[in-house]
Amino acid sequence: MSKSKRLMELMMTVNRMRKFTVKELADEFGVSSRTILRDLQELSELGVPLYSEVGPHGGYQVLKERILPPIAFSEEEAVAMFFASHALRHYLFLPFEAESSAALQKFYYYMPGDVRDRIDQMKNRVDFLTHTRQQKSEFLGDLLDASVQQQVVTIAYETKNGSSNRDIQPVGIYASNGFWYCPAYCFLREDFRLFRCDRILSISNNHTGIEPLDHRHIHLGNWEDFGSESLVYVRMSVELSREGVQRCESELWHAPHIDMDHDGTGILNQDIPTKEIPYFAKFFIGLGNEATVTEPKELVDCMRGLLIEMMDKYTK
């Protein structure tokens, strides 16, 4: 086996084993311990995070932040990967902000010159725009780790009535219209709640002894189905212009059901919880003449009330 191939396979082996001795590797690759020691030194110089432990039970161990083996991308795949990561720059806060920036720079640096030239030409020709918000979301990484590891954390959360401490078990995090959200089980409310991440003032490990719940089957796609609240639904129907269709498709969470016409207009038909009527009232008022709500009556009445308040404000 050539040295380059041995180093490649050694990199994949130590990533898989995590903890090992020089003798174990020497036996597996059929080389001397001295050769393995030289190879490990080269891997360390290439950036593989290794450290050694002395003593009868010692050996080598790979740190948590492992180096992945090289992956062969086609030119089109490399360009797609670059712009997928490049689009994240519109978010001021990410759960892996520093890592994303470092990965993008590394990815770009090692591309062939002609591929870099092509990307430079495309930077001002393609983009994935999202709202840029100034609100800080500083604890995205902590929330994501807690959701993956099924941990309970304590947060200080800002509300209209001031801040309060909550013990929560996060489900995950997602971005929508430039804001980050965290659905989580709230032990105070004994139910699932949706938290705006920029309103989380602090986060810490929970020390009250609350045992995490088994939520491995709950994720971003189904968490709302596990709430204990008895939700009452009503049918919502809205006539939309072409622009109204585009706005609804890009701004509403979840994806709305719209019956499209050949000219790009459409009718939105879906069931909504009655508690969300104030949200939809404000949303469709914001669309102006691009949307006409026909039902439910409760939504139309709520919009009418909001419009009357606005008229009173501007006619005094």
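Count residues from 1 along the sequence. What you are looking at is a predicted structure, and each value in this text was computed from that prediction instead of being measured.
No continuous path of ILVMFWY side-chain contacts below 4.5 Å connects Phe280 to Ile308, so the two sit in separate hydrophobic clusters. Residues Leu37 and Leu7 are members of one and the same hydrophobic cluster, defined by side-chain heavy-atom contacts under 4.5 angstrom among Ile, Leu, Val, Met, Phe, Trp and Tyr. Hydrophobic clustering (ILVMFWY, side-chain heavy atoms < 4.5 Å, transitive): Met236 and Leu307 are in one cluster. Side-chain heavy atoms closer than 4.5 Å link hydrophobic residues (I, L, V, M, F, W, Y) into clusters, and following such links, possibly through other members, connects Phe187 to Ile218. Val245 and Ile272 fall within the same hydrophobic cluster, where Ile, Leu, Val, Met, Phe, Trp and Tyr residues are linked whenever their side-chain heavy atoms come under 4.5 Å apart, directly or through other members.
Here the CG-OH distance, from Leu194 to Tyr174, works out to 4.5 Å after rounding to the nearest 0.5 Å. Here CD1 of Ile155 is found 8.5 Å from SG of Cys197. Values are rounded to the nearest 0.5 Å. Atom CD1 of residue Ile173 and atom OG of residue Ser137 lie 9.0 Å apart, to the nearest 0.5 angstrom. Distance check, rounded to the nearest 0.5 Å: CZ of Phe195 to OH of Tyr157 gives 6.5 Å. Taking CD1 of Ile203 as the reference point, atom CD1 of Ile168 lies at 6.0 Å (rounded to 0.5 Å). To the nearest 0.5 Å, the span separating CZ on Phe139 from OG on Ser204 amounts to 9.5 Å.
In this structure, Arg6 and Phe29 approach most closely via the heavy-atom pair CG-CD2, 3.9 Å. Shortest non-hydrogen contact noted between Thr294 and Val238 is OG1-N, 4.5 Å. Contact record, Gln150 with Leu213: OE1-O, 3.4 Å, taken as the closest heavy-atom pair. Shown here for Leu201 and Ser163, the closest heavy-atom pair between the two residues is CD1-CB, 3.9 Å. Between Arg247 and Gly286, the closest heavy-atom pair is NH2-O, 4.1 Å. Nearest heavy atoms, Glu138 versus Phe93: CG-CE2, 4.0 Å.
A heavy-atom distance below 4.5 Å is not found between the side chains of Asp142 and Val153. Counting only heavy atoms from C-beta outward, the side chains of Leu287 and Cys248 approach each other to under 4.5 Å. Side-chain contact between Leu40 and Leu25: present, with at least one pair of heavy atoms (C-beta onward) separated by less than 4.5 Å. Side-chain contact check for Gln151 versus Asp145: every heavy-atom pair is 4.5 Å or farther apart. Between Val152 and Tyr185, the closest side-chain pair of non-hydrogen atoms is not below 4.5 Å. A heavy-atom distance below 4.5 Å is not found between the side chains of Phe284 and Val300. For the pair Glu298 and Val234, the minimum side-chain heavy-atom distance is below 4.5 Å. A heavy-atom distance below 4.5 Å is found between the side chains of Arg89 and Asp127.
One finds a salt bridge joining Lys23 and Asp27 here, because a Lys/Arg side-chain nitrogen approaches an Asp/Glu carboxylate oxygen to under 4.0 Å. Ion pairing of Lys136 with Asp198 is absent here, as no side-chain N (NZ or NE/NH1/NH2) approaches a carboxylate O to less than 4.0 Å. A salt bridge is absent between Lys19 and Glu24: the closest approach of a Lys/Arg side-chain nitrogen to an acidic carboxylate oxygen does not fall below 4.0 angstrom. Note on Asp191 versus Arg189: no salt bridge recorded, every NZ/NE/NH1/NH2 to OD/OE distance being 4.0 Å or above.
The number of heavy atoms from other shown groups lying within 6.0 Å of CE (Met122) is above 12. Surrounding NZ of Lys123 are more than 12 heavy atoms belonging to other residues, nucleotides or ligands, all under 6.0 Å away. Remark: Asp225 CG is packed, more than 12 non-hydrogen atoms of other residues, nucleotides or ligands lying under 6.0 Å away. Within a 6.0 Å sphere centred on CE of Met111, heavy atoms belonging to other residues, nucleotides or ligands number more than 12. Within a 6.0 Å sphere centred on CG of Asn289, other residues, nucleotides and ligands contribute 12 heavy atoms or fewer. For Arg216, the CZ atom sits in a loose shell: 12 or fewer heavy atoms of surrounding residues, nucleotides or ligands are nearer than 6.0 Å. The environment of Arg242 atom CZ is sparse: at most 12 non-hydrogen atoms of other residues, nucleotides or ligands sit within 6.0 angstrom.
Below 30°, between 30° and 60°, or above 60°: for His86 and Phe82 the angle between ring planes is below 30°, a parallel geometry.
No donor-acceptor pair closer than 3.5 Å links the side chain of Asp312 to the backbone N or O of Glu309. Between the side chain of Asp261 and the backbone N or O of Asp263, no donor-acceptor pair lies under 3.5 Å.
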Should Thr159 and Asn161 be marked as a side chain to side chain donor-acceptor pair (under 3.5 Å) after you check the CA-CA gap, both sets of side-chain angles, and the distance that decides it? CA-CA 5 Å; Thr159 66; Asn161 301 319; 5.0 Å; no
Under the criterion side chain to side chain contact (heavy atoms under 4.5 Å, CB included), I'd like the reasoning laid out for Leu88 against Leu104: C-alpha separation, chi angles, the key distance, then a yes or no. CA-CA 10 Å; Leu88 297 176; Leu104 190 62; over 6 Å; no
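The ring-ring contact (aromatic ring centres under 6.0 Å, His included) test with His215 is passed by exactly one of Phe192, Trp223, Phe226: Phe192.
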